[in-house]
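All remarks here apply to the structure that follows.
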Amino acid sequence: MSQQNGTKSGVSAMKVVGQPTPRIDAGERVSGRATYTRDVYLDGMLYAQMLRSPHPHARIKSIDLSKARALPGVKAIVTHENCNVVWGAGSIAGGVQYSDDIKKITTQRRYAFNNPVRYVGEPIAAVAAVDRHVAEEAARLIVVEYEVLPFVLDQEEALKADAVKIWPEGNISPDARNQFQPVVQKRGNIEDGFKSADRVFEARYSTVMCHNAQMEPRSCVAHWEGDKLTVYTPTGGIANCHHDLARDLGIPDEKVRVICHYMGGNFGNKNQNQDADLITAVLAKEAGAPVKLEFSRKEDFIGMHGRWPTVQYYKVGVKNDGTLTAIQLRTVSNMGPYRKNNGGVSGIELYDCEHTESTLFPMYTNRTTAANFRGPNDPQGYYPIQSHMDDIAYAMKMDPVDFVMKNMTKPNARTQFTNYTLDECIRRGAELFEWKKRWKPVPGSGPGPMKRGAGVAFMSFRAGVGSSSAVVTVDAKEQYTVYVGVTDVGPGAKTTMNIIAAEELGVPLSRVNVVWGDTDTCPYSVGESGSRTTTMTGEAVVAAARDLKKQLAEKGLPTGTAILKASATPQPRIQGKIRNCFGANFAEVEVDTELGTVKVLKFVAVHESGRIMNPLTAASQVKGGVAMGIGMALHENMIYDQRTGIPVVTGYYFDRVVTHLDAPDVEVEFIEADDGYGPYGAKGIGESGMITTPAAISNAIFNAIGRRIKDLPMTRDKILGALA
Amino acid sequence: MKTFANSNAKSLQDATRRSQQARGAGQHVAFAGGGSDLLALIKDRVISPDVVVNLKTITNLNQVSRSAAGVTIGGQITLDALSRNETIRKDYAVLAEAAGSVATPQIRNVGTIAGNVCQRPWCWYYRNGFPCYKAGGNQCFSFAGENQFHAIFGGGPSYIVHPSDTAPALVALGATFRIVGPGGERRVPAAEFFVLPRQNASNENVLADDEVLASIDLPATTAGSRGHYMKVLDREAWTHAVVSAAVVLEMEGDLCRAAHVVLGGVAPIPWHLPDVEKMLSGQRITEELAARAAETAVSGARALSKNAYKIPMTRGVVRRALLHVAQVA
């Protein structure tokens with residue numbers, strides 16, 4: 001079934017691609033020379049401070065700015081009363097951005113400043129002043145009179161008929177047709193599926209909000225020169241941010257410049273433009289001076305977004321031979337008061353099952369907004385379904401690996417892949433991990449009190465092709481320059497583009513400069529989300545380099561100060577097939593049944609992401625993803641006080657993101673393939689390690705203690721509670 | 001943060017004088033050792049002092065010195081230096097281990113023993129600015145709220161847990177705290193330094209205004225004295241103890257002559273277990289005795305809505321810490 005066998009055997013060696021290559025900006029980053037947004041200082045620059053809502057739901061009756069304005073050094077204050085900018089990327093309708101067409105249909109809007117405010121931490125006002133301390137003091141001098149409204153935090157509570165209404169239309173967020181209905185997806189006939197089942201298994205799972213917790217909190221510097229706006233901001237996509245800013249501010253695209261030379265992490269938290277960008281731009285205009293806004297860690301936690309919490313009800317039909325006949329899912333997602341992403345959960349598509357039905361309720365609540373986070377729909381989808389399937393495997397007296405191999409998605413009449421290696425990932429992973437040795441046929445059968453167990457989980461993630469642009473030039477000294485609109489959110493996009501260009505041009509890395517991170521100098525790049533940049537922007541680099549080589553062959557090297565230049569915007573398409581990454585994660589844990597602690601002893605991750613451009617950064621993506629997945633599995637939870645609606649987990653300490661000591665030594669192996677798409681067959685890798693990990697840990701804990709924890713995170717209290 | 005004035009103290013007496021003067025002028029005062037926690041509290045506006053009296057400028061307060069009666073530890077020694085000190089490692093292992101388990105290497109490099117003992121609670125309500133008892137208010141939000149990490153012993157009206165790792169070790173070692181204030185100095189046994197919320201809901205210890213924890217005296221150890229600090233965290237590093245135990249056993253052969261068992265992470269003060277100590281003294285520590293001691297340790301525990309797991313966890317910590325020190329396999 002596999003199209004390739006064994007590591008690396010599927011692809012032929014290349015000169016630059018596939019060689020372990022250190023990041024081209026590593027020196028700048030570790031020596032402190034890299035200029036992050038917070039390191040930008042402009043002449044006459046003012047500092048901004050936000051005032052945020054202390055209430056989860058309140059109508060602003062009045063805002064008295066007189067005392068704040070009277071403070072010496074205060075230059076501008078904006079609130080909902082003098083700023084009515086719509087933050088287009090701050091909310092969507094059913095997964096669709098608020099384009100002009102969608103705006104004609106839909107009714108709900110998210111402004112930079114909203115009234116009523118709908119969560120603790122929602123912006124009320126922003127002050128620009130001569131220094132940070134004056135700005136902070138001024139924000140404290142703003143007097144706001146609120147009409148405090150009742151609130152709802154829990155998504156299932158929000159669904160009840162008598163729940164507090166956060167929007168007039170109710171608490172189910174609308175789709176792009178402005179319909180306030182659950183989202184239903186069906187395949188086959190679910191009733192037929194259950195009729196043909198020998199046994200039916202039901203379970204309820206819940207997942208919580210985890211924050212992206214990237215190192216660099218939000219910040220922005222905005223500067224108007226006449227009617228041209230320059231924004232320095234940490235964004236994963238300068239082109240998207242640029243277009244969003246122009247649209248939201250009502251100015252032409254060419255009047256906006258976005259610069260991001262270095263950024264400190266993203267994990268889905270810095271796509272598009274942010275309210276911080278819009279607010280800083282408006283403040284700078286109002287003040288007539290450049291303005292810098294810097295969020296504190298707490299503001300970044302409560303004011304931005306995290307992963308959407310979910311409650312998932314599964315009902316699964318299975319035949320006595322272990323064949324799945326029906327999968328039914330009802331999901332209630334907690335989107336906060338604005339729907340910034342679709343709220344769905346993945347997982348059903350991992351299985352080859354004829355009859356499936358999924359119903360999604362994306363609910364408004366008075367919590368921090370939920371949106372993209374590394375595999376937006378995935379780890380919180382994989383954990384429930386792969387835990388439930390694991391339980392079914394044991395109930396059917398099957399080895400979970402055999403159960404997965406039997407029921408996982410495969411090429412068939414319904415589904416065709418550009419290439420397929422899921423079976424190989426699982427087989428190779430089981431071999432490397434020594435599954436038969438570590439897995440306990442009888443869960444919880446270790447002698448204790450330290451009980452070990454092994455678990456498996458698998459993934460497939462879209463690796464679609466799409467359009468980006470690149471420009472490649474060469475000068476008289478045969479020095480090449482690649483212009484790409486990447487910023488490098490962490491996976492090493494600058495280095496990857498350097499590698500791809502050098503390979504295609506047939507020159508060493510040192511002959512190629514990379515210019516990135518500035519919309520005035522770089523063409524469109526897709527934006528670093530969805531593990532797309534290597535595939536899409538990389539393909540544009542290949543096309544531009546090919547064109548330049550052709551020009552060189554025809555015209556020869558330029559002379560003097562002349563350059564040769566090639567641009568490319570390829571429009572790749574795949575007809576009738578699905579292009580996916582595949583992977584399998586295997587975990588061995590040791591549960592201390594007296595103390596409730598869980599230690600991850602061994603972790604093996606085997607992934608196919610097409611051809612690997614740079615094994616150093618690719619392996620780091622998987623390792624970092626696994627560490628993040630362990631945090632989600634065992635620790636992280638943005639807890640709210642239920643009586644006041646105020647979040648109490650507001651930073652790294654209480655959030656319990658994992659430390660170096662918590663992260664195991666992850667064995668990463670790649671199965672390489674070239675399916676003929678993307679640059680030399682490259683696919684994405686950013687999400688693969690993360691999304692597969694909570695389910696693998698859950699299954700390993702079950703194997704160790706014989707009890708299933710059905711609510712994330714699997715903290716000490718839940719382990720001890722399950723064992724009590 | 002609110003702007004504050006830094007005031008470098010030349011001596012302990014000078015520190016109390018500076019504090020007194022500032023308070024006399026109607027200003028709020030805070031003492032700073034390493035300042036790692038203080039600065040965070042100020043930044044988050046949990047506290048807003050006008051004047052910060054800097055104790056780091058006082059010389060000779062960061063040493064461990066031997067005396068006939070035992071050792072004296074200067075209050076401004078860093079947790080890292082304390083955890084690496086040869087004398088402490090050899091004779092007071094429980095304290096070296098406790099100091100070495102605090103937070104992160106970065107914090108241990110600046111945080112001091114006095115600061116660790118006197119640090120404010122890490123309850124998420126207090127740290128997030130809720131108007132609770134610890135912030136001068138009149139309620140404890142954890143009681144009917146999110147109390148996963150709160151007290152199972154000695155709670156009410158506040159249910160915070162004392163955050164210090166070194167405090168249980170110091171109580172177990174029978175330390176004496178030297179306190180310097182405007183009226184001169186006084187000595188307080190470690191066990192009496194910490195106060196329950198029912199005695200004082202807003203402060204965790206007996207320090208009065210303008211008073212500073214100057215140094216700590218440890219009595220000389222006996223030949224068979226052995227100790228261990230066992231800490232369960234919520235992850236492998238950088239959390240306070242969910243449950244911890246400081247155990248010191250004075251052994252004579254395989255007999256336990258006297259036992260000192262103090263818990264951390266479970267009560268608003270280091271939680272001393274006299275009943276456990278009584279049942280261990282004069283006994284041979286066996287698996288069976290350790291299990292009974294662990295049962296006795298939790299006999300007075302009372303769980304809140306979300307922290308019942310701390311009871312079996314405490315049982316496990318006490319049992320294992322005892323067996324570890326007694327070197328029972």
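Residue numbering restarts at 1 for every chain, and letters A, B, ... go by the order of the sequence lines.
- Note: B:Leu38 CG to B:Cys118 SG = 12.0 Å, rounded to the nearest 0.5 Å.
- Only the side chain of A:Ile639 comes within contact range of chain B, with at least one heavy atom under 4.5 Å from a heavy atom of that chain.
- Listed options A:Ile646, A:Val598, A:Leu634, A:Leu595 were ranked by heavy-atom pairs under 4.5 angstrom with chain B; first place goes to A:Leu595.
- Looking at A:Leu661, both its backbone and its side chain come within 4.5 Å of chain B, counting heavy atoms on both sides.
- Between atom CE of residue A:Met450 and atom CG of residue A:Leu601 there is a gap of 9.0 Å, rounded to the nearest 0.5 Å.
- Heavy atoms of B:Val243 lying under 4.5 Å from chain A are absent altogether.
- Side-chain N or O atoms of B:Asn109 include one that pairs as donor or acceptor with a backbone N or O of B:Pro105 at under 3.5 Å.
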Side chain to side chain contact (heavy atoms under 4.5 Å, CB included) between A:Met50 and A:Phe295, intermediate numbers included = CA-CA 8 Å; A:Met50 306 277 292; A:Phe295 283 13; 4.2 Å; yes
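- Considering only heavy atoms from C-beta on, B:Leu280 comes within 4.5 Å of B:Val261 through its side chain.
- Proximity to chain B is limited to the backbone of A:Pro647, based on heavy atoms less than 4.5 angstrom apart.
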Between chain B and chain A, donor-acceptor distances below 3.5 angstrom:
from, atom 1, to, atom 2, distance (Å)
B:Met1, N, A:Glu136, OE1, 2.6
B:Met1, N, A:Glu136, OE2, 2.8
B:Arg45, NE, A:Glu136, OE2, 2.7
B:Arg45, NH2, A:Glu136, OE2, 2.7
B:Arg45, NH2, A:Glu137, OE2, 3.1
B:Tyr125, OH, A:Asp641, OD1, 2.5
B:Asn128, OD1, A:Lys298, NZ, 3.2
B:Asn128, OD1, A:Thr650, OG1, 2.8
B:Asn128, ND2, A:Val648, O, 2.8
B:Leu233, O, A:Arg716, NE, 3.0
B:Leu233, O, A:Arg716, NH2, 3.0
B:Asp234, O, A:His635, ND1, 2.8
B:Asp234, OD2, A:Arg656, NE, 2.9
B:Arg235, NH1, A:Val657, O, 2.5
B:Glu236, N, A:Asp662, OD1, 2.8
B:Glu236, N, A:Asp662, OD2, 3.4
B:His240, N, A:Tyr653, OH, 3.3
B:His240, ND1, A:Tyr653, OH, 2.5
B:Arg319, NE, A:Glu594, OE2, 2.9
B:Arg319, NH2, A:Glu594, OE1, 2.9
B:Arg319, NH2, A:Glu594, OE2, 3.2
B:Arg320, NE, A:Glu594, OE1, 2.9
B:Arg320, NH1, A:Asp592, OD2, 2.6
B:Arg320, NH2, A:Asp592, OD1, 2.6
B:Arg320, NH2, A:Asp592, OD2, 3.1
B:Arg320, NH2, A:Glu594, OE1, 2.8

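- From B:Cys132, atom SG reaches atom CD1 of B:Ile160 across 9.5 Å, with rounding to the nearest 0.5 Å.
- Legend: residues meeting salt bridge (Lys or Arg N to Asp or Glu O under 4.0 Å) with B:Arg302, ordered by chain and number and at least two apart, are absent.
- Most heavy-atom pairs under 4.5 Å with chain B, from the set A:Val658, A:Ile719, A:Leu723, A:Val657: that is A:Val657.
- In this structure, chain A has heavy atoms under 4.5 Å from both the backbone and the side chain of B:Phe141.
- Of the N and O atoms on the side chains of B:Glu97 and B:His228, at least one donor lies less than 3.5 Å from an acceptor on the other residue.
- No part of B:Ala308 comes within reach of chain A, as not one of its non-hydrogen atoms sits under 4.5 angstrom from that chain.
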